[in-house]
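The sequence lines fix the lettering, A, B, ..., with proteins before strands; numbering per chain opens at 1.
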Amino acid sequence: MNKIMYLEFERCIGCRACQAACRECGDHDAKERNFVEYVDFTESRQTFPMLCMQCKDPACARVCPANAIQITEEGVVLSAMEEKCIGCRNCTFGCPFGIPKFDFETNKMYKCDMCYDRTRNDIAPMCASVCPSDAIRFIDFEEMQQLRRKRTQMNLVEGKKPQEGNKWDYVPEFFGVYTDSQS
Amino acid sequence: MYKFEKSFYSKTSMYSFVAVMILFFSMWFSTSNFVHIDMALLGYAISSAVFAIGLTIRMSFWMWRKATNRVAKRSIGNLFTKERMKRNGKALVRTLIDNIILQKFIFKRGLYRGIQHLMISWGCIISFGITFGLTFGWMRFDLIDSETYQIIVFDMPTITMAADGIFAEIVYNGLNIGAIMVLIGTGMALYRRITDYDVKVTQRFEFDILPLIILLAVTVTGLFLTIMYTFLGGWMHHYMSLIHQVTVIIMLMYFPFGKLFHVPIRPLATAVPMSYQEVIKVDTKSCKSCGQPYSNDDQIADVQAILKSQNFDLQLADGTYLSDYCTGCRRRMRAMKQMNLESPQGNPYGPVNTNNGIHLSGFSKKRSEEFYGLDQDAKEEKIDEPISR
Ligand code: SF4
Ligand code: SF4
């Protein structure tokens with residue numbers, strides 16, 4: 001897998017197709033594992049999709065007392081192993097983005113696993129394959145670089161040149177969820 | 001104590017030594033100085049000792065993890081706090097009954113899975129209990145007169161029973177009953193592992209199927225033993241008992257290092273009602289931003305300490321940590337940062353900045369074909385295959 005999950009929050013139109021698709025994915029047990037939320041409902045109607053970043057050194061796995069969160073060889077951070085998870089929810093609170101969800105009834109932690117059975121075979125995850133506004137994409141590294149360059153160019157065309165103090169405002173886009181193993 | 005520890009290569013080896021010594025002395029004590037030892041079971045006794053060493057090593061390493069250590073320390077500390085006695089007692093009894101004896105949470109995942117797990121776990125508990133009991137001599141049967149047996153536990157005489165009564169029958173057949181339960185359970189589990197697409201997504205042969213095969217081998221050879229001496233007059237009994245012994249040893253060696261290791265770590269689950277959630281689903285710590293309760297002070301303190309000890313820097317400019325915010329606020333913070341929507345500098349609680357003046361990438365770019373990762377020919381070939389299961 002050498003593809004990138006590329007999120008552009010601004011593109012999200014709040015249709016929640018990604019959540020519906022997520023519920024249909026294998027092993028997701030008809031529960032969505034991603035989020036679509038309002039930035040601030042009183043200020044704007046802007047929504048954003050949120051997925052797990054599949055961190056290289058995942059905080060969720062580090063705070064798990066049962067050592068239940070495993071990372072696959074492709075670099076995907078899986079949901080807790082059911083037999084080990086003790087249901088403490090440390091992972092939910094440790095994750096910088098509050099991704100892992102918990103089902104109290106069945107004592108199961110579940111989180112975005114990039115539709116492991118799909119991405120493992122280089123098929124786009126459910127959310128990326130249904131998103132109508134391309135807010136979530138599953139693309140090659142090259143394509144991502146191109147998109148980023150384009151963004152900088154457009155700002156230059158409009159006469160907005162990044163300065164030392166604000167250059168980070170112009171490159172907020174590089175937050176693809178990606179793995180770099182060549183399998 | 002310190003000196004004692006220094007005479008070992010490591011703490012783990014000290015613990016292993018202590019574990020083996022405890023086993024040895026319990027054996028010495030309960031067989032009244034090895035008089036009543038059952039020599040036929042010596043092979044099992046030795047492999048059980050190795051099993052105990054493996055288990056101790058794995059438990060020590062697991063406890064050494066920062067997260068486990070912190071959570072376990074808090075629970076043990078809480079266990080002996082006076083004000084918490086009642087709560088702890090209640091939590092322990094409830095966890096024992098609901099989660100270990102009845103395994104309610106697994107039944108909520110499905111009746112099939114519940115029955116399957118109950119069968120395997122109780123079958124194993126019965127069989128392990130009897131096997132360890134007999135090999136270490138913790139339990140033995142003495143004939144007190146020609147009609148009655150007495151069960152001796154740790155060298156103390158307990159109940160007596162008629163040699164041909166129903167109760168005696170159940171006791172003699174304990175291992176067979178356990179084996180049949182495990183047989184049903186592992187059969188169900190194997191069937192599920194082979195047919196269910198959902199479990200196939202993350203299952204691994206060596207982790208999820210191998211233990212089932214090992215358990216199955218143990219039970220099948222064990223049951224064959226019974227069949228051979230009851231129905232076939234002991235035909236090939238000797239060879240079979242050797243084969244059975246080999247399978248049991250493989251299982252005991254495998255136990256601490258594979259999936260079955262989840263059994264000894266399960267008791268940590270009591271940490272949740274004991275230290276974190278007094279009432280299940282009721283939170284007491286509120287979010288720094290929106291004020292909604294989302295967790296418990298002790299838990300967040302633990303999470304922050306664990307992260308800190310592993311050099312995770314999740315502190316914000318104003319000194320708060322990301323875990324001080326509820327999950328929803330945390331996600332919003334990430335999105336706002338990425339979209340430059342954060343409120344004006346210096347006022348984290350001000351209105352969001354909806355017009356940041358930055359050009360956002362256009363909506364004109366079509367998805368490239370490579371997006372789907374299939375070239376044209378491959379696509380045509382696969383056209384009538386179902387895309388998802
Ligand atoms: S759940 Fe959170 S910490 Fe874990 S991999 Fe995903 S983003 Fe990282
Ligand atoms: S809820 Fe489960 S996976 Fe999450 S930290 Fe606790 S034991 Fe680990």
Side-chain angles (χ1 to χ4, degrees), chain A residues 3 8-11 24-27 29 35 37 39-40 43-44 46 48 50 59 62-67 78 83-84 86-90 92-94 96-98 104-108 113 116-117 122-124 133-134 137-140 143 147 150-151 154-155 158 160 169-170 172-173 175, chain B residues 62 65 67-68 71-72 105 108-109 197-199 201-202 259 262 265-266 268-269 271-272 276 280-281 295 299-300 302-303 306-307 310 312 314 322-323 326-328 330-332 334-336 338-341 351-352 354 356-363 365 367-368 370-373 388-389:
Chain A
K3 292 244 180 164
E8 280 175 288
F9 294 143
E10 311 92 341
R11 284 174 172 264
E24 300 298 322
C25 187
D27 202 26
D29 225 358
F35 302 84
E37 283 164 349
V39 172
D40 186 343
E43 299 277 342
S44 91
Q46 176 72 55
F48 63 89
M50 185 63 74
R62 292 281 186 170
V63 296
C64 173
N67 199 11
L78 296 176
E83 71 275 2
K84 278 194 188 168
I86 58 166
C88 64
R89 291 199 299 160
N90 270 5
T92 312
F93 304 127
F97 316 116
F104 283 97
E105 283 301 299
T106 57
N107 194 27
K108 267 198 227 176
D113 56 2
Y116 186 56
D117 53 339
D122 268 348
I123 306 170
S133 58
D134 275 1
R137 291 187 244 189
F138 189 62
I139 54 179
D140 291 327
E143 198 180 344
L147 281 166
K150 195 166 168 208
R151 184 142 162 167
M154 291 307 288
N155 281 303
E158 292 193 353
K160 296 197 190 91
D169 289 356
Y170 294 86
E173 252 185 82
F175 47 95
Chain B
W62 180 64
R65 294 181 74 246
T68 318
V71 174
F105 65 103
K108 284 184 193 139
R109 295 176 189 170
Y197 282 122
D198 281 349
V199 302
V201 173
T202 51
K259 191 175 190 174
H262 76 274
I265 70 175
R266 248 1 270 198
L268 193 68
V272 183
Y276 290 161
I280 205 91
K281 289 191 212 172
S295 180
Q299 179 157 24
I300 296 302
D302 274 359
V303 166
I306 296 166
L307 287 175
Q310 302 185 72
F312 277 89
L314 300 179
L322 274 173
S323 40
C326 72
T327 54
R330 247 179 281 162
R331 289 190 289 272
R332 198 148 53 236
R334 170 177 162 199
M336 297 214 308
Q338 302 290 4
M339 290 195 272
N340 287 317
L341 284 177
V352 301
T354 45
N356 54 25
I358 309 289
H359 186 92
L360 305 175
S361 51
F363 283 63
K365 185 146 188 348
R367 258 179 196 167
S368 62
E370 311 94 82
F371 166 78
Y372 298 100
S388 77
R389 288 154 172 163

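Contacts of B:R332 classified as side-chain contact (heavy atoms from CB on, under 4.5 Å), with partners at least two apart in sequence or in another chain: A:F48, B:C329, B:M336. By the ring-ring contact (aromatic ring centres under 6.0 Å, His included) test, B:Y276 pairs with no residue at all, sequence neighbours left out.
Contact of B:R109 with chain A is made through backbone and side chain together, with heavy-atom distances under 4.5 Å. Using a 4.5 Å cut-off between heavy atoms, A:E37 contacts chain B through its side chain alone, with no backbone atom that close. Contacts between A:C88 and chain B at a heavy-atom distance below 4.5 Å involve backbone atoms as well as side-chain atoms. For chain A, the nearby parts of B:L268 are the backbone and the side chain; heavy atoms of each come within less than 4.5 Å.
Side-chain N or O atoms of B:R330 include one that pairs as donor or acceptor with a backbone N or O of A:F93 at under 3.5 Å. Using a distance-only test at 3.5 Å, with no hydrogens or angles considered, a donor-acceptor pair links the side chain of B:R65 to the main chain of A:C64. No donor-acceptor distance shorter than 3.5 angstrom exists from the side chain of B:R266 to the backbone of A:I86, with no hydrogens or angles considered.
Taken from CZ in A:F97 to OG1 in B:T327, the straight-line distance is 13.5 Å, to the nearest 0.5 Å. Rounding to the nearest 0.5 Å places CG of B:L307 at 10.0 Å from CZ of A:R62.
Between B:V201 and A:D27 the shortest heavy-atom distance is CG2-CB, 3.8 Å. The minimum heavy-atom distance linking A:G94 with B:L314 is given by the pair O-CD1, 3.9 Å.
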